[in-house]
Each structure stands twice: as structure tokens, then as C-alpha cells.
Amino acid sequence: MNKKAIITSALPYANGEIHLGHVASTYLPADVTTRFLKLNGVEAYYVCASDDFGTPILIQSEKEGKTPAEYVAHWNKRDYEDFSAFNIEFDYFYKTSSPENIAFVQDVFTKLNDAGHIYEKEIIQFYCNNDKKFLPDRYVKGMCPYCKAEDQYSDLCESCGRVPDEITDPKCSLCGQPPTKEKSKHYFFKLKNFGDSLGKWLDENEHLQKDVKKYVQNWIKSGLIDWDITRDISWGVPIPLEDTKGKVFYGWFDNHLAYISTAIKFLNDKGIDGKEFWNSADIYHFIGKDIVYHHFLFLPAMRLGLDSEYKLPDYIPTRGHLTLESKKISKSRNWYIGLKEFLGYYPADYLRYYLVAINPYSQDDLNFDWNDFATRINSELIGNLGNFVNRALGFTKKAFDGEVPEPESFDDKDSETEQKIKDLAADVGSLMEQNHLDRALKKIMEFSSYFNQYFQHKEPWKKGPGTASCVFLSVNAVRSLAIAIFPFIPESAQKIWQQLALDGNVSELEWNEMSVLGISSGHILGEASPLFAKVEESEIEKYKKQLEPSEEK
RNA sequence: AGCGGGGUGGGGAAGUCAGGUCAUCCCGGCGGGCUCAUAACCCGCAAAUCAGUAGUUCAAAUCUACUCCCCGCUACCA
């Protein structure tokens, strides 16, 4: 395992609140992975930033009568607060509009330009004579030429999902006037040049998911198209060339560069050579499947265009989208649950547990279902794990006054049980390393379940022979569980740690410590109390009702 | 249309890459047990010709071909 790592997750676009879908596919898996790496002694840093530029933000800030800078500052702060409440622990959360990123983007552009990967081309753009501005992407609305739906954006029809070549009956989305067509000079990145080297990189990188690779390689085979990297708006990274007034870089040119610029800024501030660290670390970019194109083509192509001055990613864990009660999440139809809202109902660990448990390491969509949530929390988190912790510690309290007894000689069952503890770190660890967080979590639950059986089988409450060994091993298993479960549900892990009356924080331990019998006889436990409260059906029904779509479409 | 992913007991999933030791896990149902534990926990039972058809093989949920369904993506959408 590389002892250095930089972890990023897709940047939250600074124009709305974080919802369950965001955290499920990217932020939570990234956070769990980072915590795991840190326990393994990896110098791992999880960096992220708000994605501040672009047309939708500009339009929305204009509507709200704010400057775009004010507008994104608000969302940057709010997103960070929401993430923190969910125990997504960034080492650094910055923004794409930072001076460091702007300078970095301009530098990258200059280098790509010098290397001959950029060219200028005149294109025809919509222009509004009334508002005196060019109208890229979402500034133009009209009728979808395919399904004839009215009032659709020029870059995407939400009704049929297609991308119109040219929208019918175009109107400026600001004033409603029909725009005219004007020439505008844009810069293009020669993505075409990188087909072969991208293909080679994809072939050689063994960590990338096979299905995603295949998908991207098909795109490459069908021929890449050069990429328009500029826009005629005012809110973005300025182009470092003469005669480019009123133009900025397109958001997808600058935002992923913030992975690098933010990491380097953070590391340099810490007194570490950021660039050197970047190039010697394992690089992880956690993303949702909607931005595969950008992360498997644009991002690596740009780095290749700089002769890999900054290392290409080693891992791009790509996960599917979250559906809600089997329907697509949609803010405009009120079919979504905000992260902040959810955390008002249940502890962060409930959601962390559930979202990891249902989330495979693949592009498959996953579904949030309120009833399923209640069942899994009640039966798995509480009935299995919470119950074992509570009965093991509670019993020790009752029968031995909280003092861990001296074990007797182990019988076969005890030895088998001890072996379970010794195998745990490797069993769970190998799954974690392969990014199978859901399976790793399941493995931990199996471990807990095994101990429920063991405890039952030994019947220590009858105080027969073997009682002391059973209690001794069970208490140690609780300690192992606390360490193993920490990356997933850190607050609860720490609670267990306190009930065990062990020093320090779980986060400071080594991963392999979970396979050691770290509690000796004579150790005095702390107070034992239930870790979790049940999810009540009546509550669930209430939250379900709040989901009723405000307006059917 | 192209590409990708699926169809496994009542519900939800794993297993398919490396064929046999595979039909597993969770929920639900039924019956029993325990009382340390949040009506939690433990044991047992019922229930699947692993979408269909044909093939390869001593052996197929797993490989091949075809068919029928479902879902996703398709580039400037952040």
C-alpha cells in the first residue's frame, strides 16, 4: 500500500443544497476510504472545493440580486456545514474561485497552448440584443425539436432527455426576446490528439473499474471531438490572452484543476512540497456516473497535455445514482431529501450505515427506501451490532462488576472464536482496498452476528464453566468492532470506545489493532448503555408523507 | 438505434470474471428455545426447475448462441 494518498470527491456545484444523492455516490465513499487509509498509517488527505463558476450560477445570482461571488460564498459555507454535520471530514475544503486555482488554471492553459493543444475558432452563438450579451447553454430556452416540449434549455431537454442540436423557437431566458446569431471566437482543446494516449492509459491502469473503462473506450473508438473550453460570460476564470474580454473558461476546464490546486495549496501551507507529494501519492477521484466523461477523458487528457507534470489518477471510483423510493431524485418536483433535513431526523451514523450498505462498487443505481432504511437500521445496526455490544458489556457489568475476567483455557469453540478476531483485519481490509465498502461492512456485520451466536451458545448467564473465557473474548470482540466500524460510523465507534473505557480516540489506532486481543483481564469497563435508538414506523410514515411531490409532471 | 448493466424462493440482494466443495445472506411467514441484551438474541421448518430455448462439458446460476423482458448512458448537462 502506497503510504501517501490524495482523495478528492466531485466538487459540489455552488447553487443548491447537498442532498442524499450527492453524499451516497461520492462524499461518503470517499470519507470512509480516507478514514480507512489513515488507520492504515497512510498519509492521506481528503480535499474538496465548491465549484463556483458557470452559467447556472450566474443566472441564479442575477435573479436573487446578488453578485455571483456573494452567491457562491453562501453555498460554499452551507455545503461545508452540511458535510461536517454528516462527519464528512475534509482535510481541506476550498473553492474553484480561489486565487490559487485561477492562477493554476491560467498556467495550465498557457502550457497547453504553448504545447500546441489549443486553437481558436469562430463559432456562431446566440446573442441577445436586449441584454447585450452572448447566451451560452442555459441562457437560451425554447421548444425541444424532438419531443416538442416547451420551455426547455437549449442544452438539454428535461422532458425527453435528449440534447438538441438546435432548439426550436429560441428565446433569451432573461428577457424572453428572441436572440440573434453572432460570431464569437472560442478556444478549443484538441481532445482528438489524445485518443491513443488515453486508450493506453486506460489499458494500463488496473485500478479503474472494468465496466467504466469499456464504456469510455467505446467513446474513444467512435472518435473524440475537440472541446470548446470557453464561454461568453463574465463569471469564470479569465483567459490569459489579449483580446478575450467578456470570455472566460468553461467550468469543466477549470473545476477539476481545483483538485490539484487545492491539494497543493493545502500541502504547501502545511510545509510539505505539494507538487512532489501529489506525484508520489495514490490519487483517488471519487465521482458519480454522470461525470464519467469528464473524469476519464477531459481530466486525464489535460494532464497528458502537460506531459504528466501532475500525475494522472490511480483510482476513479465511480458509483451510480441514488433513487428515492425507486424514482429519480428531482429538486424541482420536490422529490429529494436534503442532507440537512435528514440529519434533523436521524443521527449521521444511521444514514452512513444505510448508504454504504446499499451502495455497491459499480455504476448500478441504488435506491433509498424509507421502509428498508428502518428495517436495516433496526435489525442490522441495532439488533445485530448494537445488541452484541450492549449485551457483552452489560453482562460484564452485571456479572463481573465491570472487570474483565481472567479467561480459562480455551475450548475448541473459543479457539475458533479467537481466530475470528485474528482474521478480521485482513478479511475486512482486503475488501476495503478493493473499494468494496458495502461488502466490507457486511463482513463486519457477519463478525458481529457470529459473536451473537457464540454468546448465545456459551450461555454465560448460567455461570457455568467457560463463562470467563466467553466474556473475555466477547469484550475483546467489541473492541475489534469499534475499530473496524470506525470508518463507517465514526461517532458510534467512539462511543463504544468510551463504554470500553479505553484511552484516546479510535481514529488514532492502527487498523491491524482490531485483530489483537487488546483488553486484558482486570480491565475495568465504563458505563454500558444502548448505542442506538430504534427507528419507529410512525416516524417513517411521517417523513414519507413529506416527500409527496408538490406537483406531478 | 448504438453501447453498457441486469432478470436468482413472497420482498431485497450475493454468487457469474477463474464451471463442481452453491444454491447463500437479510427481511417476511411458521414452529421452538433463551432471558445477558433496545419484544433484542439463538435454533429449526416451509418456499427457487437461478428469465426462456438450444448447445459445450463427466459437471452450468456460472461458458457459447439465439429469444423475451427491465434499466441506464449517448459528449459541451456542473
Side-chain angles (χ1 to χ4, degrees), chain A residues 10-16 50-57 96 136-138 153-158 161-163 186 188-189 191 210-219 221-231 250-256 288-294 297-298 320-321 323 326 328 357-358 360 362-367 369 371-372 374-376 378-384 386-399 438-439 442 445-446 449 451-463 467 470-471 474 528-534:
Chain A
L11 308 180
Y13 197 56
N15 75 335
S50 59
D51 185 2
D52 288 353
F53 292 126
T55 310
I57 282 175
T96 61
D137 314 328
R138 310 217 136 189
Y153 292 114
S154 66
D155 55 8
L156 174 74
C157 173
E158 290 191 322
R162 277 176 282 198
V163 179
H186 277 216
F188 283 75
F189 176 65
L191 192 60
K210 286 199 193 83
D211 53 337
V212 189
K213 248 190 210 184
K214 228 184 211 172
Y215 181 52
V216 174
Q217 269 155 342
N218 275 323
W219 269 335
K221 258 185 240 156
S222 66
L224 297 172
I225 296 167
D226 288 343
W227 179 37
D228 182 354
I229 55 168
T230 48
R231 289 292 182 278
Y250 172 53
W252 272 109
F253 186 79
D254 73 73
N255 62 12
H256 66 263
K289 67 175 181 181
D290 53 329
I291 51 178
V292 163
Y293 190 74
H294 311 83
L297 294 178
F298 296 161
H321 281 166
T323 53
S326 303
K328 269 190 176 182
I358 62 170
S362 78
Q363 289 191 94
D364 294 348
D365 283 342
L366 44 146
N367 181 39
D369 181 283
N371 291 329
D372 186 47
T375 303
R376 296 189 79 135
N378 290 340
S379 74
E380 296 175 18
L381 193 58
I382 300 178
N384 179 1
N387 178 56
F388 172 64
V389 170
N390 195 232
R391 73 194 299 201
L393 302 188
F395 183 74
T396 311
K397 207 77 194 167
K398 250 180 211 171
D438 56 330
R439 295 185 201 173
K442 197 170 181 194
M445 299 314 282
E446 282 169 11
S449 175
F451 270 90
N452 267 319
Q453 289 165 31
Y454 169 70
F455 202 87
Q456 191 75 30
H457 177 76
K458 285 282 175 180
E459 301 181 316
W461 51 89
K462 291 191 174 162
K463 309 265 173 71
T467 297
C470 169
V471 171
S474 296
S529 66
L531 293 167
F532 310 103
K534 287 194 92 167

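Both backbone and side-chain heavy atoms feed into the values below; hydrogens, waters and symmetry mates do not. Just so we're clear, the structure is a prediction, and the values are computed from it rather than from any experiment. Chain letters run A, B, ... following the sequence lines, proteins first, then strands; residues in each count from 1.
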Checklist entry - Base, sugar-phosphate, or nothing for A:Lys462, non-hydrogen atoms under 4.0 angstrom? => result sugar-phosphate
Checklist entry - Across the strands shown, which category fits A:Glu446 at heavy-atom distances under 4.0 angstrom: base, sugar-phosphate, nothing? => result nothing
Protein-nucleic acid N or O pairs under 3.5 Å, nucleotides 10-16 of chain B:
from  : atom 1 : to       : atom 2 : distance (Å)
B:G15 : OP1    : A:Arg439 : NH2    : 2.8

Next on the checklist: Counting only side-chain heavy atoms from C-beta out, which of B:C76, B:A37, B:U38 sits nearest to A:Lys398?
Outcome noted: B:A37
Next on the checklist: Counting only Watson-Crick pairs (N1-N3 plus N6-O4 or O6-N4) and G-U wobbles (N1-O2, O6-N3), all under 3.5 Å, who is the partner of B:G2?
Outcome noted: B:C73
Item to check | Nucleotide opposite B:A51 in a Watson-Crick or G-U pair, distances under 3.5 Å | outcome: B:U67
Next on the checklist: Taking the P atom in each of B:C43 and B:C27, what is the distance between them to the nearest angstrom?
Outcome noted: 12 Å
Item to check | Complementary nucleotide for B:C36 - Watson-Crick or wobble, under 3.5 Å | outcome: none
Checklist entry - With both distances under 3.5 Å as the test, what is the Watson-Crick or G-U wobble partner of B:A59? => result none
Checklist entry - What nucleotide among B:C76, B:U38, B:C26 has an atom nearest to a side-chain atom of A:Ser379? => result B:C26
Checklist entry - What is the nucleic acid contact for A:Ile229, judged by heavy atoms within less than 4.0 Å: base, sugar-phosphate only, or nothing? => result nothing
Checklist entry - Looking for any heavy atom pair under 4.0 Å, which part of the strands does A:Phe532 touch: base, sugar-phosphate only, or nothing? => result base
Next on the checklist: Side chain of A:Asn452 only, heavy atoms from C-beta on: which candidate in B:U35, B:C41, B:C36 is closest?
Outcome noted: B:C41
Checklist entry - Would A:Trp461 count as stacked on B:C36 if the rule is ring centres under 5.5 Å and plane angle under 30°? => result yes
Checklist entry - Of the candidate nucleotides B:U38, B:C34, B:C76, which contains the atom at the shortest distance from the side chain of A:Gln456? => result B:C34
Checklist entry - Counting any heavy atom closer than 4.0 Å, what does A:Ile57 reach on the DNA or RNA strands: base, sugar-phosphate only, or nothing? => result nothing
Checklist entry - Distance between the P atoms of B:C42 and B:C26, in whole angstroms? => result 9 Å
